[in-house]
J.: 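One structure, pasted below without further comment.
Just so you know, these numbers use all the heavy atoms, side chains as well, and skip hydrogens, waters and symmetry mates.
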Amino acid sequence: MVKAYLRYEPALTFGVIASPESNVVYDPSGRRLLAAALDRLAAWDIKRGLPSVSFAPSSSSPSLAVSCIASSHSAAVSSSIASGHADGSIRLWDAETGACEATLHGHRSAASALRFGPSGAVLASGSKDCDVILWDVVAQAGLFRLRGHRDQVTDLVFLDSGKKLMSCSKDKFIRVWDLETQHCLQIVGGHRSEIWSMDVDPSERFLVSGSADPELQVFRIRQSVEEGEDWSKWDVLKLFGEIPRQSKERVANVRFNRDGSLVVCQVAGKTADIYRVLDETEAARKAKRRVSRKKEKASAKSMIAEENGTIIDPLPVQNLQNPTVIVTDVFKLFQVLRASKKICSITFSPSNPPRGCLATLSLSLNNNMLETYSVDKEKVSKMYSVEMHGHRSDIRSVSLNSEDNLLMSTSHNAVKIWNPSTGECLRTIDSGYGLSSAFVGNRYALVGTKSGTLEIMDIASGSLTEAIEAHAGSIRSIVPIPDEDGTVGARGFVTGSADHDVKFWEYQLVQKSDNDSKQLTVTNVRTLKMTEDVLAVSISPEGKHIAVALLDCHVKVFHMDTLKPSLNLYGHKLPVLCMDISSDGALLVTGSADKNLKIWGMDFGDCHRSIFAHSDSVMDVKFVYRTHYMFSVGKDRTMKYWDADKFELLLTLEGHHAEVWCLTLSSRGDFVVTGSHDRSIRRWDRTEEQLFIEEEKEKRLEETFEADLENDNDYRYGQKDDAPDEGSVGVPGRKTKETVTSADAIMDALDTAEEELKRINQHKMEEQITAKAAKFQPNVIMQGHSPSDYVLNVVSSIRPNDLEQALLALPFSDALKLMSYLKEWSLVPSKVELVCRVCLVLLQTHHNQLTATPAARSLLTELKDILYCRVKECKDTIGFNLAAMDHIKELLALRSDAPFRDAKAKLMEIKKEQSKRSSSRLDGDEKRKKKRKKASAES
């Protein structure tokens, strides 16, 4: 019999609020803030500090970190949220349900920039592969690829109602693309270092770009230029000036607010500069004041020069009469936002700010926090923050209580108590740098810190009851002592420290005063002195032996009652970092920094097997209760499931995005919890699905082969040139496993249909020859469809984004077969768009061979006439429907009882009137203050 095991699968991920690698944006409603949490997104209700919607990929898809996010504020398209990932894929999400609607493959490296067009139907993506790809969000397919940049694309902006696109890159250039003709209109230089971000104000007057230069560059956009100014025929951007920055660090983000009155410049540090953008009237007024001050200074200098007998040239008369507005007249430093930690991303809220505020902006910090600030005329003040749902640093230890309904995690400054079933944070308790932890019943918890302090915490009240100076070095292990009946932790616990001591502790309940309830405290009863730093401690389940791992790579086993040596285990080349003893006390497993697991017998201390387990240091290992199965985690970001009797790897579980420091198992072994350097806590559940060792080995070999095959395909024809063709256009998609599978499916369907047609023709001939022919039996694979319908169903089932690459993989003979079906398919009204797309790709790919093949000429002539008529019919139908909907809209608007008719326009008028009144009041107050100051000065 082949032994079967039960599979473990990822079930829950929590603890991450915002990943530092991605940006934050508001969702289409403007009420929730979207932040990346490693491989998923979360929409946060900032006021309540709770996640409202989670955008999680399916469990079958690989765990890929989110590198950028974009949202569309157009209600015309359901897929209004897009996320770019580390492998270059783009995922489209439904904002309401959180469902992934499509996955688009086109980039060969991580996506670095995303931006929706004004209509929301077009998405532009930039990547580290230096390409820009335009995607059709409705059709869920790529439109075209724009090549020209020589380094990573860092930001994208649409112009002119989505007809033009601007892209900036680390190659120090900004490119302006015409999307209708698909070529580069203008290349703008001027920056002396890598450009990291840019943005355009809503009225499309200015473009602001930021780099590592000490100033921001401001460009005028052609649409806003007055007639008579000197512009080249094709230029879209023209340098307006430079704004000096406050910080010396490079720019990370530049963003305008909703009405374009403010622009924020976030640097790669703790500050963000907020600039006020003045309108044309205010800028002209400021320019006049600037010129008048210059005139006063010049006149004063001329008077002094006349007294000294020298002559100074006067200012030009034209400048005095018609002052030219410069960049400092329009952009004025308004406020400086200073955060507590490094800012990763910043965004303005698209919704209306609170009364008295100019704008509301949100930012993500690199310590796993979200903060929201209000900007007013006086200061920038914090409004809300999201910090309870995650640690500020990496997680160093995790532990479960005896009932498996409470989970404790420790980090550098806090201990958090979680519900492991839901991932909800129940308590947050301030502490030291916790390296080890353990529960005492369900009320108390023990934490061993890096400074050597042993902290006792009351879980119910969420407070630290006592801090004991237990060791002179860091406490690496806290292990409860089991009773003879198997009760864990009833007798006390053991701590191992870097001060060479292993200490034994007992519990005591002490009442400090008459009014207080009894509190838990501990006393040291025994101490075992070692010669080296203690890295790990483990106790056998029956409490007879204690194993101690030392810095000299040895593991020493002692009798618990007498503390006399029992075994000395050596063989690791680097120190042992973790170990565990099986529940029957027969096996001891050790994990080391030499990447190996060693399985030892507890009776004679012999090494049963040494296994090369991980590609980096093994950080923790645990046996499943009442079995010889074990889990190990390491710095290679994986968790592995082993059979210690057969010395076989059963399962490799991937999901973490950084080193995995710790793991803990439930008492029944039905789930595992891991903690990582990426600040996430992951729960893995045991399922009822069986796994077999041989099948898993075959899967791992196939994955390795496919990964090598993809790498070979990328460089089959040599390394890609660093300098692409100037402004060239390419195919948007790329070859993946899905496209290869789709091409194989089309070829199989064509072969099956061809065989079926031969059988049908043969049967017709038999009927003509013999009167009594057998009844025709159709192919079962075709499921009752005709050959044409069968091939059409196969082609229609291919994802729109993969169809082009699948058709490119077809040989000419199969392409010719496929084109023979297009005439029949074009008669189906719902498939006209698909037929046109297939025909266009095949014509572009096999144009020379098709024109040289006599049999294909008649086919092309027929398709030309048929497709033209069918497309015209579809176009007329769509136009008729649009006109009908516009007519219905006008009829509804004319009704007197139409609810909230013109409510938005009236509201905007009221707000404009209120703003005018408030500005007039402020001007009147300022004039009165000036008069009072003058009167007091004269008196």
J.: Looking at V841 and T845, what are the two nearest heavy atoms and their distance?
T.: O-OG1, 2.7 Å
J.: Quick check on F812: does its CZ atom have over 12 non-hydrogen neighbours (other residues, nucleotides or ligands) under 6.0 Å away?
T.: yes
J.: May I ask you to check whether over 12 heavy atoms, not counting those of R626, lie within 6.0 Å of atom CZ?
T.: no
J.: D404 and P420: which non-hydrogen atoms are nearest, and at how many Å?
T.: O-CG, 3.6 Å
J.: Is it true that R91 and E101 have a side-chain N and a carboxylate O under 4.0 angstrom from each other?
T.: no
J.: Is the closest side-chain heavy-atom distance between M747 and L818 below 4.5 Å?
T.: no
J.: How close do I581 and G585 get, counting heavy atoms only, and between which atoms?
T.: CG2-CA, 4.0 Å
J.: Does I681 reach the side chain of L407, with side-chain heavy atoms less than 4.5 Å apart?
T.: yes
J.: Answer yes or no: is there a donor N or O on one side and an acceptor on the other, between the side chain of K735 and the main chain of Q805, under 3.5 Å?
T.: no
J.: What's the verdict on side chain to side chain contact (heavy atoms under 4.5 Å, CB included) for L691 and E689, showing C-alpha distance, side-chain angles and the deciding distance?
T.: CA-CA 7 Å; L691 68 91; E689 181 186 353; over 6 Å; no
J.: Judged by atom type as modelled, is there a donor-acceptor pair below 3.5 Å linking the side chain of N596 to the main-chain atoms of S610?
T.: no
J.: Between K817 and E754 (salt bridge meaning N to carboxylate O under 4.0 Å), is one present in this structure?
T.: yes
J.: Within a 6.0 Å radius of atom CG on L574, are there more than 12 heavy atoms belonging to other residues, nucleotides or ligands?
T.: yes
J.: For A36, does its backbone N or O pair with a side-chain atom of S19 as donor and acceptor, under 3.5 Å?
T.: yes
J.: Find the distance between CG (D802) and CG (L104) and round it off to the nearest 0.5 Å.
T.: 9.0 Å
J.: Would you say the side-chain atoms of S617 and K635 include a donor-acceptor pair closer than 3.5 Å?
T.: no
J.: For residues S67 and H85, is any side-chain donor paired with an opposing acceptor at under 3.5 Å?
T.: no
J.: If you round to the nearest 0.5 Å, how far is CG of D136 from CG of N801?
T.: 11.0 Å
J.: With side chains defined as the heavy atoms from C-beta onward, is the minimum distance between L803 and R799 less than 4.5 Å?
T.: no
J.: Nearest 0.5 Å, please: how far is CG in L650 from NZ in K697?
T.: 10.5 Å
J.: Decide yes or no for D620 and W661: does some side-chain heavy atom of the first lie under 4.5 Å from some side-chain heavy atom of the second?
T.: no
J.: As a quick check of understanding, evaluate side chain to side chain contact (heavy atoms under 4.5 Å, CB included) for T752 and Y790, giving each step before the final call.
T.: CA-CA 9 Å; T752 305; Y790 175 67; 4.1 Å; yes
J.: Of the non-hydrogen atoms in A82 and L92, which two are nearest, and what is the gap between them?
T.: CB-CD2, 3.9 Å
J.: Does D636 use its side chain to pair, donor to acceptor, with the backbone of S615 at less than 3.5 Å?
T.: yes
J.: Are L587 and D645 packed together at the side-chain level, in the sense that at least one heavy-atom pair is separated by less than 4.5 angstrom?
T.: yes
J.: Are more than 12 heavy atoms, taken from residues, nucleotides or ligands other than K622, located less than 6.0 Å from that residue's NZ atom?
T.: yes
J.: Look at the aromatic rings of F631 and Y8 and report parallel, tilted or perpendicular, splitting at 30° and 60°.
T.: perpendicular
J.: Judged by modelled atom types alone, do E403 and N405 share a side-chain donor-acceptor pair under 3.5 Å?
T.: yes
J.: Between D670 and S666, does the side-chain hydrogen bond (donor to acceptor under 3.5 Å, both in side chains) criterion hold? Intermediate values first, please.
T.: CA-CA 6 Å; D670 55 342; S666 65; 2.5 Å; yes
J.: Would you kindly say whether S786 and D789 are connected by a side-chain donor-acceptor distance under 3.5 Å?
T.: yes
J.: Closer than 4.0 angstrom, basic N to acidic O: yes or no for E696 and R7?
T.: yes
J.: How about L123 and L114: do any of their side-chain heavy atoms sit closer than 4.5 Å?
T.: yes
J.: Hey, could you give me the NE2/SG distance between H391 and C425, rounded to the nearest 0.5 Å?
T.: 7.5 Å
J.: At their closest point, which heavy atom of R682 faces which heavy atom of S680, and how far apart are they?
T.: NE-OG, 3.8 Å
J.: Can you tell if the side chain of F55 reaches within under 4.5 Å of the side chain of L34, non-hydrogen atoms only?
T.: yes
J.: So, the side chain of S109 versus the backbone of K128: is there a donor-acceptor pair under 3.5 Å, distance only?
T.: no
J.: Any sub-3.5 Å donor-acceptor pair from R683's side-chain atoms to S421's backbone N or O?
T.: yes
J.: Please answer whether the main-chain N or O of H657 pairs with a side-chain N or O of R637 as donor and acceptor at a distance below 3.5 Å.
T.: yes
J.: Taking it one step at a time, do L588 and L569 satisfy side chain to side chain contact (heavy atoms under 4.5 Å, CB included)?
T.: CA-CA 10 Å; L588 168 70; L569 311 178; 3.3 Å; yes
J.: Show your reasoning for whether side-chain hydrogen bond (donor to acceptor under 3.5 Å, both in side chains) applies to S399 and S437.
T.: CA-CA 7 Å; S399 56; S437 59; 3.3 Å; yes
J.: When you measure from the side chain of S540 to the backbone N and O of K544, does any donor-acceptor pair fall under 3.5 Å?
T.: yes
J.: Please work out which of the three classes, parallel, tilted or perpendicular, describes the rings of F14 and W418, given edges at 30° and 60°.
T.: tilted
J.: Less than 4.0 angstrom from a charged side-chain N to a carboxylate O is my criterion; do D87 and R108 meet it?
T.: no
J.: Using a strict cut-off of less than 4.0 Å between a Lys/Arg side-chain nitrogen and an Asp/Glu carboxylate oxygen, indicate whether K699 and E702 qualify as a salt bridge.
T.: no
J.: Looking at T590 and M579, would you say the former's side chain and the latter's main chain have a donor-acceptor pair under 3.5 Å?
T.: no
J.: Before you tell me yes or no, could you show the steps for V791 and L750 under side chain to side chain contact (heavy atoms under 4.5 Å, CB included), namely the whole-Å CA-CA distance, both residues' side-chain angles and the distance that decides it to 0.1 Å?
T.: CA-CA 6 Å; V791 179; L750 289 170; 3.9 Å; yes
J.: To the nearest 0.5 Å, tell me how far L406 CG sits from L426 CG.
T.: 6.5 Å
J.: If every non-hydrogen atom of A18 is compared with every non-hydrogen atom of N368, which pair is closest and at what distance?
T.: N-OD1, 3.2 Å
J.: Establish, from distance only, whether the side-chain atoms of S592 and K598 form a donor-acceptor pair under 3.5 Å.
T.: no
J.: Regarding S397 and S436, is there a side-chain donor-to-acceptor distance under 3.5 Å anywhere?
T.: no
J.: Working to the nearest 0.5 angstrom, can you tell me the gap between R700 CZ and T652 OG1?
T.: 5.5 Å
J.: Please check: side-chain N/O of R837 versus main-chain N/O of P800, any donor-acceptor pairing under 3.5 Å?
T.: yes
J.: Could you tell me whether F604 atom CZ has more than 12 heavy atoms of other residues or ligands within 6.0 Å of it?
T.: no
J.: Quick check: do I781 and E756 have side-chain heavy atoms less than 4.5 Å from each other?
T.: no
